[in-house]
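All heavy atoms count here, side chains included; hydrogens, waters and symmetry mates do not. All of these numbers come straight from a predicted model, not from anything done at the bench.
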Amino acid sequence: MEFETKIKRIRHGVYAELVRAYYADRVDVLHYHVPREIIPGPKALLRCCIFKERAIVQERLKLAMEGFTESKPAVRVIDIACDECPVDGITVLNACRGCLSHECKHACPKGAISIVDRKCVVDHEKCIECGKCVSACPYNAIILQRRPCVVACKASAINIDPVTKQSHIDGEKCVECGACQQRCPFGAITNVSMLVDVIRMLQEKTSKVVAIYAPALEGQFDVPLGKVIAGMKAIGFDEVREVAYGADITLAHEAAEWKEKRLLFSSCCPAFVSYVRKNFPDLASYISDSDSPMVSIAKKVKEEQPDAKVVFISPCTAKMREVHNSPYVDAMLSFEELSGYFDGLDVDLEALEEDPCTEATAYGKGFARCGNLSGYIEELSGGEADAIAMNGLDEVRRELLKLRHHKSTKNFFEGMACGGGCVNGALVLWHRYGKG
């Protein structure tokens, strides 16, 4: 199987080996066996030595087995893996020509730049990283270096420890969108997992276990979706349902809710909802009361089969908290974990007969792409709704600031934390539509 990055290959290996160990009753040797299986040696492949590589795999394994914890973010930093990125901020390159005009020095509002031996020198104690010197330098010899995780985090939830130089996630600000996880080039940021919970459900089978899969699953595996559904049944799910059908239910509810309230925020993306509550609490009352598509279909499953266990197949780190807080969903399996499950049990998707699921309409299936929901609301309102699709948290912030200051004419706001929508969630197998 091909992987989008080496990081995804390693995570896949952890999940697959975890599944194999549980089904072979070898849990007691997991922490010894898995790192050696994934990093066989004798030479290091990615870091200074195989001992560090194996230690990082052990930390990944711990997070995979920990499960979701209410008091901690679903996305965590593996401290020993976070040690390679520069943290200098404003940096002067060798391209500095020692020019006479000293435009960089004159542009700095804090007096943080001096000229030493005809070269620009930055006092980082004074520097506020405003970037004015970067713009002023005629030779492009000054750059602003920021860690990829810091740049990716639009919630400003990542800080750098001044002593260890490691990234730290502020749980009070984090919206669990997983953007930092996607952007970290060393794989030092990863998600916790409910994989062990799902393994136990499928092994013990004290009741029926129903998988509900997100619309973004379409196109993730290099086989038709019907074969993926057949694969889910092959690993033990008794039934497979479409979250897209839940999206149809949510769409009807939100359209009716908009007609009543005339100003509404979508409730489908939990990272967007969290961002609004944490950064725009004065606007939180506009968040739709409608259930998300996941909850809508899970509620229907529980109504039909009260004793069933429901597992959400998801591309989204933020959904973990929603799953944890919902009385209708019992666990979550990411697309990455599902792939690892197939591999761990040697399920050959290509060899399976298609088992398609056809509950949902094209409307529900379209929820995975940003912009479709807002378009549907406009259509169902007969053109009365003036909707906007906010593609990523930068756009969310811009549009909500306009609304707060009475500068917006829009009355339905579709918010997606991941650029492009759920198809670019942090836990997809392939970012086939570009990274959000």
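- At most 12 heavy atoms of other shown residues, nucleotides or ligands fall within 6.0 angstrom of atom CZ in Arg26.
- No donor-acceptor contact under 3.5 angstrom links the side chains of Glu176 and Thr317, judged on distance only.
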Please tabulate, one pair per line, all N/O donor-acceptor pairs under 3.5 Å involving side-chain atoms of residues 267-276, not counting sequence neighbours.
residue, atom, partner, partner atom, Å
Ser267, OG, Glu254, OE2, 3.1
Ser267, OG, Ser290, O, 2.9

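- Atom CG of Asp282 sits in a crowded spot, with more than 12 heavy atoms from other residues, nucleotides or ligands closer than 6.0 Å.
- The backbone N or O of Cys174 sits less than 3.5 Å from a side-chain atom of Lys278, completing a donor-acceptor pair.
- Relative to the six-membered ring of Phe280, Arg277 misses at least one condition, a distance below 6.0 Å or an angle of at most 45° to the axis.
- Residues Glu53 and Val57 fail the side-chain proximity criterion, which asks for heavy atoms closer than 4.5 Å.
- When side chains are defined from C-beta on, Val122 counts as touching His124, because their heavy atoms get closer than 4.5 Å.
- Annotation: side chain of Leu225 is in contact with side chain of Tyr213 (closest heavy-atom distance under 4.5 Å).
- In this structure, Leu403 and Leu283 have side chains that are in contact, with non-hydrogen atoms separated by less than 4.5 Å.
- Using a distance-only test at 3.5 Å, with no hydrogens or angles considered, a donor-acceptor pair links the side chain of Lys227 to the main chain of Leu352.
- In this structure Asp343 satisfies the salt bridge (Lys or Arg N to Asp or Glu O under 4.0 Å) test together with Arg20, sequence neighbours excluded.
- The backbone N or O of Asp307 lies less than 3.5 Å from a partner atom in the side chain of Ser207, making a donor-acceptor pair.
- Residue pairs meeting the side-chain hydrogen bond (donor to acceptor under 3.5 Å, both in side chains) criterion with at least one partner in residues 62-75, sequence neighbours excluded, are Glu59-Lys62, Glu66-Thr69, Glu66-Arg76, Glu70-Arg321, Glu70-His324.
- Taking the charged nitrogens against the carboxylate oxygens, Arg241 and Glu304 do have a contact shorter than 4.0 Å, which makes a salt bridge.
- Listed for the Asn391 side chain is a donor-acceptor partner under 3.5 Å among the backbone atoms of Gly420.
- Not a single side chain to side chain donor-acceptor pair (under 3.5 Å) links Glu353 to another residue, sequence neighbours left out.
- Between Lys205 and Asp238 there is a salt bridge, since at least one side-chain N of the basic residue sits less than 4.0 Å from a carboxylate O of the acidic one.
- The distance from atom CZ of Arg147 to atom CD1 of Ile189, rounded to the nearest 0.5 Å, is 9.0 Å.
- For the 3.5 Å distance criterion, the side chains of Ser193 and Glu337 qualify, holding a donor opposite an acceptor.
- Within 6.0 Å of the CZ atom in Phe342, the count of heavy atoms belonging to other residues, nucleotides or ligands exceeds 12.
- Between Lys365 and Glu218 there is no salt bridge, since no side-chain N of the basic residue sits under 4.0 Å from a carboxylate O of the acidic one.
- Within the model, atoms CZ of Phe186 and SG of Cys149 stand 11.5 Å from one another, a figure rounded to the nearest 0.5 Å.
- Screening residues 372-389 for side-chain hydrogen bond (donor to acceptor under 3.5 Å, both in side chains), with sequence neighbours left out, gives Arg262-Glu384, Tyr363-Glu379, Ser374-Glu414, Asp386-Lys410.
- Considering CD of Gln203 and CZ of Arg200, their distance stands at 9.0 Å, rounded to 0.5 Å.
- In this structure Lys6 satisfies the salt bridge (Lys or Arg N to Asp or Glu O under 4.0 Å) test with no other residue, sequence neighbours excluded.
- Counting only distance, with no hydrogens or angles, the side chain of Gln220 and the backbone of Trp430 share a donor-acceptor pair below 3.5 Å.
- Checking Ser296 against Asp291 by side-chain atom types alone, no donor-acceptor pair falls below 3.5 Å.
- Atoms CD1 and NZ, from Ile313 and Lys319 in turn, are 13.5 Å apart once rounded to the nearest 0.5 Å.
- Taken from OG in Ser156 to NZ in Lys173, the straight-line distance is 6.0 Å, to the nearest 0.5 Å.
- Under the 4.0 Å criterion applied to side-chain N and carboxylate O atoms, Glu336 and Arg11 are assigned as salt-bridge partners.
- Between the CZ atom in Phe367 and the CG atom in Leu251 there is a gap of 4.5 Å [rounded to 0.5 Å].
- Residue Tyr23 qualifies as enclosed at atom OH: its count of foreign heavy atoms under 6.0 Å is above 12.
- Distance alone, capped at 3.5 Å, is enough to place a donor-acceptor pair between the Thr250 side chain and the Gly246 backbone.
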